[in-house]
Amino acid sequence: LATQNVLVDETKLHDFVVDVFTAAGSSQREASLISRHLVDSNLRGHDSHGVGSIPVYIRNLKCGDLLANQALTLVSETDSFLICDGNGGYGQVMAHDAVAIGITKAQQSGVALVGLRNSHHVGRIGHWAEQCAEAGLVSIHFVNVVSDPSVAPFGGVAARVGTNPFSVGIPRDGKRPVILDFATSKLAVGKVRVAMNQGKPLPPGALLTAVGEPTTDPSILFSQPKGILLPFGDHKGWGLSFACEVLGAALTGGKTQSGPKRRNATINCMLSILISPERLGTADTLSPEIDTFVGWVRSGDNAGVLLPGDVEATTTGERHANGIPIDAKSWSDIVAAGREVGAEPPSSILEPAVQANVRSAS
Ligand code: NAD
């Protein structure tokens, strides 16, 4: 059965999430960075990486698998690269700070490589591509996930890897950047959780039961023995997942997934390559050439073709205007997690139309 959605005011949601994380012991800066990231993920339509993550973060914090108020440890550094350790701290802070250092280096050197290892969950990877694009930089991000293995490699029937995400960001003159950002599994784990909370079936072909039978029931991924996600694009998705695992973790001195889950935390390692078109001397041609290419791609009957990032931009516009829909189960879990640390949402956080009449999920 589908559960109902609540519609939440974006600004009040951001303030409430800041309250939750400061109440949980984070500095104001840390809580603000976490909140901005989570609320932006909801705005982009990636509810899997939005405020629905709060109960998991609070649980990990309470059991000591996530540490508040950590700072990056710089392991090695030159003008054009940085390897740093996130010390199991909030990924929304660790990735922000690592990428910020990389931006300065790329603006000076033309190209910078940033290896962030041993960070708690860095969330929606497109957020980091957007951070680079805002600074005029192209970026490529390879990320591994050390957690409960959830994805079978192509040709295998047992879960061995995480959903290893990949992202590319490309700034454009006078237009929003192109942001490609996806998990290398057919579905991100968080999307399966959202479907379960909404009482909705999964699309066929994404999930197997523990004994290898196809299923569309999202709860199978969270039951014992748990189900198994499949990589997107068969051998191609598996190949990209492999690259994310090895480049994200092994190359940065981090840990690959090398056995069953040992702790609650989801640990991410991220290799980011930042490129300055300005320093390369190609800034003047990059945007016009993308325009030419996009014009060709959309010519003839292809006018409706979307670019990476278009869906998220449309959803962001809608949610800015109307509020952020959150399924009722996720919302009650978020409120309960807030109460656990002593933070209470204001009753006015729900959009007025919805306070009176909670609308049905479509
Ligand atoms: P997804 O399947 O929704 O794919 C998103 C990408 O496809 C975007 O670039 C989007 O613009 C593009 N896209 C979507 N529809 C399109 C269309 N019709 N035409 C053209 N392009 C289109 O993403 P996902 O795999 O569900 O990943 C969701 C989020 O989960 C991502 O932000 C990812 O970074 C995040 N994630 C994080 C972790 C982690 O451990 N931190 C792990 C896995 C995934």
Val99/Val114 under side chain to side chain contact (heavy atoms under 4.5 Å, CB included): CA gap, chis, key distance, verdict: CA-CA 7 Å; Val99 167; Val114 177; 5.6 Å; no

Steps toward side chain to side chain contact (heavy atoms under 4.5 Å, CB included) verdict (Arg172, Ser287): CA-CA 5 Å; Arg172 297 175 74 183; Ser287 246; 3.7 Å; yes

Short side-chain to backbone donor-acceptor contact, Glu318 and Thr316, under 3.5 Å: no

Under 3.5 Å side-chain donor-acceptor pair for Asp217 and Thr215: no

Asp301, CG: over 12 other non-hydrogen atoms inside 6.0 angstrom: no

Candidate pair Asn87 and Leu67, rule side chain to side chain contact (heavy atoms under 4.5 Å, CB included), full reasoning: CA-CA 8 Å; Asn87 295 309; Leu67 303 171; 5.9 Å; no

Criterion side chain to side chain contact (heavy atoms under 4.5 Å, CB included) on Lys226 and Asp148, from CA distance to verdict: CA-CA 10 Å; Lys226 60 178 259 183; Asp148 207 2; 3.5 Å; yes

Joint cluster assignment, Phe16 & Tyr90, ILVMFWY side-chain distance < 4.5 Å: yes

CG on Leu82 to OG1 on Thr252, rounded to 0.5 Å: 11.0 Å

Cationic N near anionic O, under 4.0 Å, Asp47 to Arg319: yes

Steps toward side-chain hydrogen bond (donor to acceptor under 3.5 Å, both in side chains) verdict (Thr73, Asp85): CA-CA 5 Å; Thr73 301; Asp85 193 300; 5.5 Å; no

Side chain to side chain, Val143 and Cys244, heavy atoms closer than 4.5 Å: no

Any Val157 side-chain heavy atom under 4.5 Å of Ile228 side chain: no

Side chain proximity check, Glu245 to Val161, heavy atoms < 4.5 angstrom: yes

Rounded distance (nearest 0.5 Å) linking atom CZ of Phe293 with atom CZ of Arg298: 10.5 Å

Nearest-0.5 Å distance, CD1 of residue Ile58 to OG of residue Ser53: 11.0 Å

Rounded distance (nearest 0.5 Å) linking atom CG of Leu202 with atom CG of Leu221: 8.5 Å

Within 6.0 Å of CD in Glu289, more than 12 heavy atoms from elsewhere: no

Heavy-atom donor-acceptor pair, Gln131 side chain to His96 backbone, under 3.5 Å: yes

Between Ser41 and His46, a side-chain donor and acceptor under 3.5 Å: no

ILVMFWY cluster, Val20 and Leu13 together (side-chain gap under 4.5 Å): yes

Lys175 and Asp291 ion-paired at < 4.0 Å: yes

Ionic contact status for Asp327 with Lys200, cut-off 4.0 Å: no

Main-chain N/O of Ala71 paired with Asp97 side-chain donor or acceptor, under 3.5 Å: no

Hydrophobic cluster identity match, Ile140 and Leu286, side-chain contacts under 4.5 Å: yes

Polar contact flag, side-chain donor to acceptor under 3.5 angstrom, Tyr57-His121: yes

Thr209 versus Glu213, side-chain donor and acceptor atoms under 3.5 Å: no

Donor-acceptor under 3.5 Å (Ser35 side chain, Ala31 main chain): no

pair Ser80-Lys105: side-chain heavy atoms closer than 4.5 Å: no

Any donor-acceptor pair under 3.5 Å from Thr184 side chain to Asn164 backbone: yes

Co-membership, hydrophobic cluster, residues Val138 and Ile290, 4.5 Å side-chain: yes

More than 12 heavy atoms from other groups under 6.0 Å of CD on Glu278: no

No-hydrogen, no-angle side-chain donor-acceptor test under 3.5 Å, Asp9 and Ser348: no

Polar side-chain atom of Asn144 near backbone of Cys269 as donor-acceptor pair, under 3.5 Å: yes

pair Gln108-Asp79: side-chain heavy atoms closer than 4.5 Å: no

Ser109 side chain vs Val111 backbone, donor-acceptor pair below 3.5 Å: no

Residues Arg124 and Glu312 bridged, charged N to O under 4.0 Å: no

Salt bridge flag under 4.0 Å for residues Lys261 and Asp65: no

Stepwise salt bridge (charged side-chain N to carboxylate O under 4.0 Å, His left out) test for Arg193 and Asp333: CA-CA 12 Å; Arg193 173 173 50 76; Asp333 290 349; over 6 Å; no

Sub-4.5 Å side-chain heavy-atom contact between Gln107 and Arg279: no

Side chain to side chain, Ile267 and Asn118, heavy atoms closer than 4.5 Å: yes

Presence of salt bridge, Glu340 and Arg59, under 4.0 angstrom: no

Side-chain touch Glu10/Val39, heavy atoms, less than 4.5 angstrom: yes

Short side-chain to backbone donor-acceptor contact, Trp238 and Gly155, under 3.5 Å: no

Thr22 (side chain) donor-acceptor with Asp19 (main chain) under 3.5 angstrom: yes

Crowding at CG, Asp310 (>12 non-hydrogen neighbours, <6.0 Å): yes

Same apolar cluster: Val246 and Leu251, side chain cutoff 4.5 Å: no

Pairwise distance OG(Ser241) to CZ(Arg160) - rounded to 0.5 angstrom: 13.5 Å

Any donor-acceptor N/O pair, Ser167 side chain to Leu180 backbone, under 3.5 Å: yes

Residues, nucleotides or ligands: over 12 heavy atoms within 6.0 Å of Phe81 CZ: yes

Reference residue Arg44; test side chain to side chain donor-acceptor pair (under 3.5 Å); the match among His127, His49, Glu130: Glu130

